[in-house]
Amino acid sequence: MSQQLLAELELILGKSSVLTSENETAPYLTDWRKRYSGKALAVLLPGNTEEVAAIVKACAKVHIAIVPQGGNTGFCGGATPDNSGQQVVLSLKRMNQIRAIDVSNQTILLEAGCILQVVQEQAVSEGFLFPLSLGAEGSCMIGGNLATNAGGTNVLRYGNTRDLCLGLEVVTAQGEIWDGLKGLRKDNTGYDLRDLFIGSEGTLGIITAAVMKLYPLPISQWTTLVATEDIPSTITLLNLFQKRATSLLTGFEMMTQESLALNEKHFPQMANPLKNHPPFSILIELSDHESEEHVRQLLESILEEALEMGIINDAVIASNLSQANAFWHMREHITLAQAAEGANLKHDITIPLSALDRFIQTTDRLMQKQYPGIRIINFGHLGDGNLHYNIAPPEGVDPISFNATNEKPIHELIYAQVESCGGSISAEHGVGQLKLGELRAHKGPVAHELMKTLKRALDPQNILNPHKVLSI
Ligand code: FAD
Ligand code: 2HG
Ligand code: ZN
């Protein structure tokens, strides 16, 4: 049966786009963190939407499950097949055409396999900003960004991927093509199908193309690194920037002393320019459409006010683009420093800003009490209330054996605090297979059952990315 399917897939795609040998398929079978590995009947590389539809029809006929994959940078194992060797991985990487830029509508129509950085660069070359920005932008793809509703560093000004999307083209679990690419800013014709597919992590449909919003390119961006003593003063600082800079505030990122110490251990060239290793280093970006002078003066004046209020101790303003980039590299390298240090436990959470201090104080205390010497690598998009509250074992302890014993109770401890503070267990990375077990408790039985009802209705054979997000 498998041989028959492979022959049919080769007819649809051509032999060279059906990968079956071990060395060709290997890069698609393990995730970025090297936490999940699987096997696949084949890795398929369709070149257009009709081919995707034909693949789904062929697989549906023989009940073979399909795992969609973009850049394979996801953190929750959503793009990795199981171990049965009976699933196919469908990589969108060959579908990487930017189909059109509509200058009047300020939109870009592109295929799911476009690499995010290529989209950003294309937008700039046409005088626009495509604001989605994240550390993996050199390899993640727009279809993956949509399927995970990715966040990143510009969310507090432009929203997450969902907010940037005006339309989708999707191949359904029956192999039908839904053309929802009108790109309208208003469309109240019943249920919002677009929003259903965004963030569904390949479990409801395969995204093949999208219409995304573009924005005017700012004239000038200014970046500063600021030292704060504690979370309450950091939030007062955020509120001050929100009040005085309003929509000019495009980034507000937090890095703890421990996060930057780990960075410096693995990347000594990335020393914190702020003096005396402050408890919190805050990276703030303003983007202006008026003039360089206007934004610089505004930034200096807000920082002066913050100093007078006693909510910051020190500040460094990037004097040129390369210094601003160095600040951003420092922020983005924390993930890489953690990877270099060894396996770690990720908690990508959101907490209402009003409960953030309580969350950190209580959780830090409980963690240290329960696991003396534990390393809490806490950083993230503080402007969105989104913490990457990551955990590494005490210095010198083997992470693999530590995690084998302690992963579950650590997740439970942290997620209990997230719940009690009214937060979410996934701010931006999604659920995949990593948080499958926790989702039911977190969503509550009614929401969880509604999700299952949708999944059964749209994919009754359960062939689209089964056992990801939901286990049915
Ligand atoms: P993949 O990893 O290939 O897939 C992710 C999920 O989407 C899987 O479930 C897959 O089945 C599904 N999928 C992929 N393509 C499609 C499609 N066309 N149709 C349907 N389903 C599909 N994430 C953030 O949100 N914010 C960050 O700041 C951030 N920073 C990161 C930094 C680094 C260094 C790394 C490695 C990752 C980071 N991520 C971040 C996580 C990751 O980059 C995002 O989740 C990204 O959106 C995944 O895109 P991808 O193309 O790699 O998707
Ligand atoms: C970021 O904000 C990413 O840099 C990665 O979401 C977070 O490594 C992480 O846990
Ligand atoms: Zn993040």
Side-chain angles (χ1 to χ4, degrees), residues 28 31-34 36 46 49 52 56 65-81 87 89-93 95 111-116 132-155 160-162 168-173 197-210 253-255 259 262 283 328 330-339 344-350 377-382 384 386-392 426-434 464-469:
Y28 303 85
D31 73 326
W32 188 90
R33 294 175 70 194
K34 308 209 178 335
Y36 297 102
T49 306
V52 175
V56 176
I66 301 162
V67 181
Q69 191 175 99
N72 199 17
T73 66
F75 281 147
C76 304
T80 311
Q87 302 188 325
V89 173
L90 188 156
S91 165
L92 278 298
K93 71 192 265 191
M95 293 183 57
E111 293 182 347
C114 288
I115 289 182
L116 174 55
L132 184 63
S133 178
L134 43 131
E137 62 202 20
S139 48
C140 66
M141 295 173 189
I142 206 75
N145 301 146
L146 284 158
T148 56
N149 186 26
T153 53
N154 272 329
V155 172
N160 45 34
T161 310
R162 183 189 303 283
L168 289 182
E169 178 186 81
V170 174
V171 172
T172 69
F197 291 112
I198 296 174
S200 68
E201 302 182 48
T203 61
L204 299 181
I206 301 171
I207 298 167
T208 48
E253 299 284 317
M254 180 277 280
M255 297 163 279
S259 316
L262 188 68
L283 175 52
W328 278 109
M330 195 171 87
R331 161 66 182 83
E332 276 158 8
H333 271 68
I334 301 171
T335 301
L336 306 181
Q338 281 214 273
N344 59 81
L345 301 176
K346 285 190 186 295
H347 302 92
D348 159 46
I349 57 181
T350 6
I377 306 299
N378 182 10
F379 62 102
H381 317 285
L382 190 127
D384 313 320
N386 177 186
L387 298 179
H388 297 306
Y389 193 88
N390 296 342
I391 302 297
S426 176
E428 56 175 14
H429 297 160
V431 177
Q433 40 183 318
L434 181 67
L464 290 182
N465 221 0
H467 309 298
K468 311 286 171 51
V469 185

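Keep in mind that what you see is a predicted model, and the values were worked out from it rather than measured. Every number for a ligand or one of its atoms is a count from 1 in the order of the listing. The analysis underlying the following values was restricted to heavy atoms, covering all of them including side chains, and did not include hydrogens, waters or symmetry mates.
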Kindly give the heavy-atom pair with the smallest separation between [X] and [Y], and that separation in Å.
{"X": "V431", "Y": "V469", "answer": "CG1-CA, 3.8 Å"}
{"X": "M254", "Y": "L382", "answer": "CB-CB, 3.7 Å"}
{"X": "L134", "Y": "C140", "answer": "CD1-SG, 3.9 Å"}
{"X": "T350", "Y": "A427", "answer": "OG1-CB, 3.7 Å"}
{"X": "E137", "Y": "I115", "answer": "O-CG2, 3.5 Å"}
{"X": "A173", "Y": "V56", "answer": "O-CG1, 3.5 Å"}

Which residue and non-hydrogen atom of the protein lie closest to [atom], and at what distance in Å?
{"atom": "atom 24 (C) of ligand 1", "value": "E428 CD, 3.6 Å"}
{"atom": "atom 25 (O) of ligand 1", "value": "G151 N, 2.9 Å"}
{"atom": "atom 46 (C) of ligand 1", "value": "N145 ND2, 3.5 Å"}
{"atom": "atom 18 (N) of ligand 1", "value": "I207 O, 2.9 Å"}
{"atom": "atom 8 (C) of ligand 1", "value": "G78 C, 3.4 Å"}
{"atom": "atom 6 (O) of ligand 2", "value": "H429 NE2, 2.7 Å"}
{"atom": "atom 12 (C) of ligand 1", "value": "A147 CB, 3.6 Å"}
{"atom": "atom 45 (O) of ligand 1", "value": "T148 OG1, 3.5 Å"}
{"atom": "atom 40 (C) of ligand 1", "value": "L134 CD1, 3.6 Å"}
{"atom": "atom 9 (C) of ligand 2", "value": "K346 NZ, 3.1 Å"}

Heavy-atom check, side chain of [X] versus side chain of [Y], under 4.5 Å:
{"X": "M95", "Y": "V52", "result": "yes"}
{"X": "N390", "Y": "Q338", "result": "yes"}
{"X": "T49", "Y": "V171", "result": "yes"}
{"X": "L262", "Y": "I334", "result": "no"}
{"X": "Y28", "Y": "N72", "result": "no"}
{"X": "V67", "Y": "N465", "result": "yes"}

[X] versus ligand 1: do any nitrogen or oxygen atoms come within less than 3.5 Å of each other?
{"X": "L336", "answer": "no"}
{"X": "N72", "answer": "yes"}
{"X": "A112", "answer": "no"}
{"X": "G71", "answer": "yes"}
{"X": "V67", "answer": "no"}

Per-residue contact class, [X] against ligand 1 - non-hydrogen pairs under 4.0 Å:
{"X": "E332", "answer": "neither"}
{"X": "T73", "answer": "both"}
{"X": "N465", "answer": "side chain"}

Proximity winner for [atom], if only heavy atoms of [options] are counted:
{"atom": "atom 33 (C) of ligand 1", "options": "A209, A136, G430", "answer": "A136"}
{"atom": "atom 4 (O) of ligand 2", "options": "R331, E332, H388", "answer": "R331"}
{"atom": "atom 49 (O) of ligand 1", "options": "G202, G74, C140", "answer": "C140"}

Numbered atoms and elements of ligand 2 in range of [X], under 4.0 angstrom, heavy atoms:
{"X": "N390", "value": "8 (O), 9 (C), 10 (O)"}
{"X": "H381", "value": "2 (O)"}
{"X": "T335", "value": "4 (O), 5 (C), 7 (C), 8 (O), 9 (C)"}
{"X": "F75", "value": "5 (C)"}

Please identify which atoms of ligand 1 are closer than 4.0 Å to at least one heavy atom of [X].
{"X": "G152", "value": "26 (N), 28 (O)"}
{"X": "W32", "value": "36 (C)"}
{"X": "L92", "value": "18 (N)"}
{"X": "A150", "value": "25 (O), 47 (O)"}
{"X": "G70", "value": "1 (P), 3 (O), 14 (C), 15 (N), 51 (O)"}
{"X": "G205", "value": "20 (C)"}
{"X": "E201", "value": "9 (O), 11 (O), 12 (C)"}
{"X": "H381", "value": "28 (O)"}

Is it the side chain (CB and beyond), the backbone, both or neither of I334 that lies under 4.0 Å from ligand 2, heavy atoms counted?
neither

Taking only non-hydrogen atoms of E428, do any sit less than 4.0 angstrom from ligand 2?
yes

Can you tell me if Q338 contacts ligand 2 (heavy atom of the residue under 4.0 Å from the ligand)?
no

Work out whether the distance between some heavy atom of G432 and some atom of ligand 1 is less than 4.0 Å.
no

Is the closest heavy atom of K468 to ligand 1 under 4.0 Å?
no

Rounded to 10°, the NE2/H381 to the Zn ion (ligand 3) to NE2/H388 angle comes out at 100°

If the cut-off is 2.8 Å, does any N/O/S atom of E428 fall short of it from the Zn ion (ligand 3)?
yes

Ion pair check, K468 and E201, cut-off under 4.0 Å
no

